[in-house]
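The structure under discussion appears below in the form of structure tokens.
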Amino acid sequence: MSQQPRNYVAFDLGAESGRAILATLSANRLTLEEKHRFPNPTSRILGHLHWNLLAQWEELKTGLRIAAAGNLPIAGIGVDTWGVDFGLLGPNGQLLGSPYCYRDSRTDGIMDRTFHRIPREQLYELTGLQFMQFNSLFQLLAFQEQEPELLHFAQTLLFVPDLFNYLFTGVRKAEYSLASTSQMLDPHTRQWSLPLLEQLKLPTKLLPEIIPSGTLLGPLLSDVRKECNITTEIPVIAPACHDTASAVAAVPAADQGNWCYISSGTWSLMGVELEKPIINDKTLKYNYTNEGGINNTTRLLKNIMGLWLVQECRRQFLRDGADLSYTELTQMAQRCQPCTTLIDPNHAPFLTPGDMPNKIASFCKQSSQPIPTTHGQFIRTCLDSLALTYRRTLEGLEDILGHRIDTIHIVGGGTQNQLLNQITADACNRPVIAGPIEATAIGNVLVQALATGDLQSLPQARSIVQQSFDVKHYTPNDTTLWDQAYSRYQSILEK
């Protein structure tokens with residue numbers, strides 16, 4: 001590692017907000033400073049949900065301008081975002097419209113239509129990816145059905161962080177970890193599954209070269225430098241551009257060990273880090289996904305709806321006149337009787353925005369359960385159900401791997417919810433280690449530092465996390481209550 005402090009900029013965009021983080025690596029420690037934060041809402045245009053890419057791009061330039069103020073030397077810039085969503089470029093590199101948001105309804109029912117064209121089992125064998133209607137493959141098939149002219153005109157498909165990398169550098173590449181969320185990748189070769197795309201008559205010309213996490217893309221374009229008041233060249237690096245892949249890189253665990261992770265935020269992504277993908281009858285049965293990590297690792301995991309449930313409840317409470325913080329809502333939930341009402345967090349209607357309390361009430365009515373009546377009861381229902389879903393996912397992972405998992409690491413913004421951390425330990429009967437909160441930005445920076453040679457290995461990077469950030473330990477207690485609740489939860493899911 002360089003003896004001089006090294007500064008990196010991490011752009012971390014999530015469903016609710018985006019940030020520009022200035023990170024300084026010095027003397028085996030990493031410090032972070034948030035330089036710019038901005039909301040990241042979707043826009044409904046002509047009945048469809050889109051991301052406002054142009055507004056996001058302006059915010060990224062603002063963040064870079066602030067982070068690099070005073071000609072601060074920057075060793076690298078990296079962008080990470082959510083997965084699956086993409087934009088299309090025309091023949092001259094122009095953006096063809098605003099990228100659709102994965103929560104848009106245009107993919108409703110498309111999985112069933114696709115399985116008539118290619119059997120579900122064959123699609124899973126080819127890709128090893130969890131079936132979710134918003135995977136990039138299904139979004140591309142929606143273009144094929146509904147906007148074939150646009151698909152024919154398009155020349156290049158770039159996922160959201162690849163789009164930003166293109167705007168920063170002019171380079172059109174697809175970073176591996178993000179491409180692995182698409183359901184268009186062969187997880188064994190780590191290249192596009194061209195036979196699959198040809199079978200579905202999708203244009204393979206759209207797909208750019210796949211590059212490994214930690215690839216140096218090139219310097220900032222001169223016009224971007226000028227606009228951001230930067231006088232020196234700054235390299236743009238593709239970190240693990242998928243936010244979960246970056247977060248997993250920052251798990252403060254030993255390189256080997258019987259641990260799993262939960263990247264906790266709008267989504268909860270729960271899984272293990274492996275050297276190779278596992279694609280068999282069990283992973284298909286449990287609908288687990290094999291996604292790419294740094295150093296060509298595989299993240300065998302389950303996508304769980306996560307704190308989106310709480311976020312949407314809070315938004316509805318605000319529409320109804322109750323302006324309650326997440327802290328206040330969690331305190332209300334803590335005072336409620338646990339496990340009174342349970343839901344399936346991945347229930348399909350919960351995916352789309354709008355009146356989550358009403359959707360939860362409908363689920364409760366259909367499953368003959370008490371309907372929550374207070375703000376705290378709604379939040380308690382969400383959190384209890386997430387903890388029990390983690391237990392179900394943990395059992396699936398152990399069945400696939402053939403051994404017990406001893407420890408659960410929770411990273412990301414969800415680690416701030418101490419109630420959820422504790423009931424996860426209780427429900428799963430496993431110790432929980434929670435932290436760091438900024439795992440995604442940390443992992444983004446660590447991969448950049450590996451690319452520049454400031455760090456030499458993933459174990460070294462994780463030791464930096466251990467030395468730099470505090471974690472909190474949660475010990476299981478009152479597991480009998482959760483054993484009983486788990487039996488009810490399973491019966492509800494089986495109805």
**Message:** Donor-acceptor check, side chain of T169 to backbone of V171, threshold 3.5 angstrom: yes or no?
**Reply:** yes
**Request:** Without swapping roles, check the side chain of R430 against the backbone of A425 for a donor-acceptor pair under 3.5 Å.
**Result:** no
**Prompt:** Yes or no on side-chain contact (heavy atoms from CB on, under 4.5 Å) for I433 and I408, after CA distance, side-chain angles and deciding distance?
**Reply:** CA-CA 6 Å; I433 302 173; I408 300 172; over 6 Å; no
**Prompt:** Is R404 paired with D406 through a side-chain N to carboxylate O contact shorter than 4.0 Å?
**Reply:** yes
**Side chain to side chain, S264 and V411, heavy atoms closer than 4.5 Å** = no
**Request:** Kindly determine whether Q311 and T266 satisfy side-chain hydrogen bond (donor to acceptor under 3.5 Å, both in side chains), including the steps that lead there.
**Result:** CA-CA 8 Å; Q311 293 164 359; T266 300; 3.1 Å; yes
**Request:** For C382 and V310, work out which heavy atoms get closest and say how close.
**Result:** CB-CG2, 4.0 Å
**Message:** Strictly distance-based, threshold 3.5 Å: is any side-chain N or O of N135 a donor or acceptor partner for the main-chain N or O of F138?
**Reply:** no
**Complete:** Between the OG atom in S263 and the CZ atom in R299, the distance rounded to the nearest 0.5 Å is 9.0 Å
**Asked** Tell me, do E273 and L458 make a side-chain contact under 4.5 Å, heavy atoms counted?
**Response** yes
**Complete:** L342 and A485 have their tightest heavy-atom pair at CD1-O, 3.6 Å
**Prompt:** Got a salt bridge between K201 and E198, using NZ or NE/NH1/NH2 to carboxylate O under 4.0 Å?
**Reply:** no
**Asked** Any donor-acceptor pair under 3.5 Å linking the side chain of S136 with the backbone of V84?
**Response** yes
**Prompt:** For H188, does its backbone N or O pair with a side-chain atom of D186 as donor and acceptor, under 3.5 Å?
**Reply:** yes
**Message:** Determine whether a donor-acceptor pair (N or O, by modelled atom type, separation under 3.5 Å) exists between the side chain of Q139 and the backbone of F134.
**Reply:** yes
**Request:** Compare every heavy atom of P208 with every heavy atom of W192, then report the nearest pair and how far apart it is.
**Result:** NE1-O, 2.8 Å
**Asked** Parallel, tilted or perpendicular: which fits the ring planes of F143 and Y100, with parallel below 30° and perpendicular above 60°?
**Response** perpendicular
**Fill in**
Rounded to the nearest 0.5 angstrom, the CG-CG distance for L307 and L383 is 7.0 Å
**Asked** Is NZ or CZ of R19 both nearer than 6.0 Å to the six-membered ring centre of F11 and within 45° of the ring axis?
**Response** no
Show me the donor-acceptor pairs, under 3.5 Å and distance only, between side chains in residues 152-161 and residues at least two apart or in other chains.
unit_1, atom_1, unit_2, atom_2, d
Q155, NE2, F153, O, 3.4
T156, OG1, R172, NH1, 3.2

**Item:** Contact check, side chains of K302 and N287, non-hydrogen atoms, under 4.5 Å
**Value:** yes
**Item:** Pair Y390, S268: side-chain N/O donor-acceptor within cut-off below 3.5 Å
**Value:** yes
**Request:** Would you check if V9 and I21 make a side-chain contact, meaning some heavy-atom pair closer than 4.5 Å?
**Result:** no
**Message:** Tell me whether R103 forms a cation-pi arrangement with W308, defined as NZ or CZ under 6.0 Å from the six-membered ring centre and within 45 degrees of its axis.
**Reply:** yes
**Prompt:** What do the steps show when you test S367 against Q369 for side-chain hydrogen bond (donor to acceptor under 3.5 Å, both in side chains), and what is the final call?
**Reply:** CA-CA 6 Å; S367 55; Q369 296 185 87; 2.9 Å; yes
**Asked** Where does the angle between the aromatic ring planes of W51 and Y102 fall among parallel (under 30°), tilted (30 to 60°) and perpendicular (over 60°)?
**Response** tilted
**Item:** Full working for side-chain contact (heavy atoms from CB on, under 4.5 Å) between T407 and I405
**Value:** CA-CA 6 Å; T407 305; I405 292 171; 6.0 Å; no
**Asked** Can you tell if the side chain of F164 reaches within under 4.5 Å of the side chain of Q56, non-hydrogen atoms only?
**Response** yes
**Asked** Roughly how far apart are R392 CZ and Q490 CD, rounded to 0.5 Å?
**Response** 6.0 Å
**Item:** From CA spacing to verdict: side-chain hydrogen bond (donor to acceptor under 3.5 Å, both in side chains), E59, H36
**Value:** CA-CA 8 Å; E59 298 287 4; H36 182 54; 2.7 Å; yes
**Asked** Is there a donor-acceptor pair under 3.5 Å between the side chain of D384 and the backbone N or O of C339?
**Response** yes
**Minimum side-chain heavy-atom gap T114-L141 below 4.5 Å** = yes
**Asked** How far apart are the C-alpha atoms of L89 and L163, what are their side-chain angles, what is the distance that settles it, and do they pass the side-chain contact (heavy atoms from CB on, under 4.5 Å) test?
**Response** CA-CA 9 Å; L89 301 182; L163 277 171; 4.0 Å; yes
**Fill in**
Separation between CG (N346) and CE (M132), nearest 0.5 Å, reads 6.0 Å
**Message:** Would you compute the distance between atom OH of Y176 and atom CG of L185 and round it to the nearest 0.5 angstrom?
**Reply:** 6.5 Å
**Request:** Answer yes or no: is there a donor N or O on one side and an acceptor on the other, between the side chain of K359 and the main chain of P349, under 3.5 Å?
**Result:** yes
**Asked** Could you walk me through whether L129 and N290 pass the side-chain contact (heavy atoms from CB on, under 4.5 Å) check?
**Response** CA-CA 6 Å; L129 214 71; N290 291 269; 5.7 Å; no
**Message:** Using a 6.0 Å cut-off, check whether atom NE2 of H116 has over 12 heavy atoms from anything other than its own residue.
**Reply:** no
**Request:** Please name the pair of heavy atoms, one in E175 and one in A238, separated by the smallest distance, quoted to 0.1 Å.
**Result:** CG-CB, 4.0 Å
**Message:** Tell me if the centroids of the rings in F168 and W57 come within less than 6.0 Å of each other.
**Reply:** yes
**Prompt:** Does the side chain of T424 come within less than 4.5 Å of N421's, by heavy atoms?
**Reply:** no
**Request:** Drop me the distance from I118's CD1 to L126's CG, to the nearest 0.5 angstrom.
**Result:** 5.5 Å
**Request:** Describe, in one word, how the ring planes of F131 and Y124 are oriented to each other, choosing from parallel (under 30°), tilted (30 to 60°) and perpendicular (over 60°).
**Result:** tilted
**Prompt:** Does the side chain of P39 reach to within under 4.5 Å of the side chain of S17, using non-hydrogen atoms?
**Reply:** no
**Prompt:** Checking T181 side chain against L178 main chain: does a donor-acceptor pair fall under 3.5 Å?
**Reply:** yes
**Message:** Using every non-hydrogen atom in the two residues, find where P187 and P277 come nearest and quote the distance to one decimal.
**Reply:** O-CG, 3.9 Å
**Message:** A quick test of your reading: do over 12 heavy atoms of other residues, nucleotides or ligands sit less than 6.0 Å from CD of Q122?
**Reply:** yes
**Request:** Can you label the angle between the H48 ring and the H50 ring as parallel, tilted or perpendicular, going by 30° and 60°?
**Result:** perpendicular
**Item:** Closest contact, heavy atoms only, I304 versus P345
**Value:** CG2-CB, 4.4 Å
**Request:** Taking only Lys NZ, Arg NE, NH1 and NH2, and the carboxylate oxygens of Asp or Glu, determine whether E145 and R113 approach each other closer than 4.0 Å.
**Result:** yes
**Derivation of the salt bridge (charged side-chain N to carboxylate O under 4.0 Å, His left out) call for D399 and K282** = CA-CA 8 Å; D399 186 31; K282 283 185 178 178; 3.1 Å; yes
**Message:** Test your reading of the model: is there a side-chain donor-acceptor pair from Q316 to the backbone of P357, 3.5 Å cut-off?
**Reply:** no
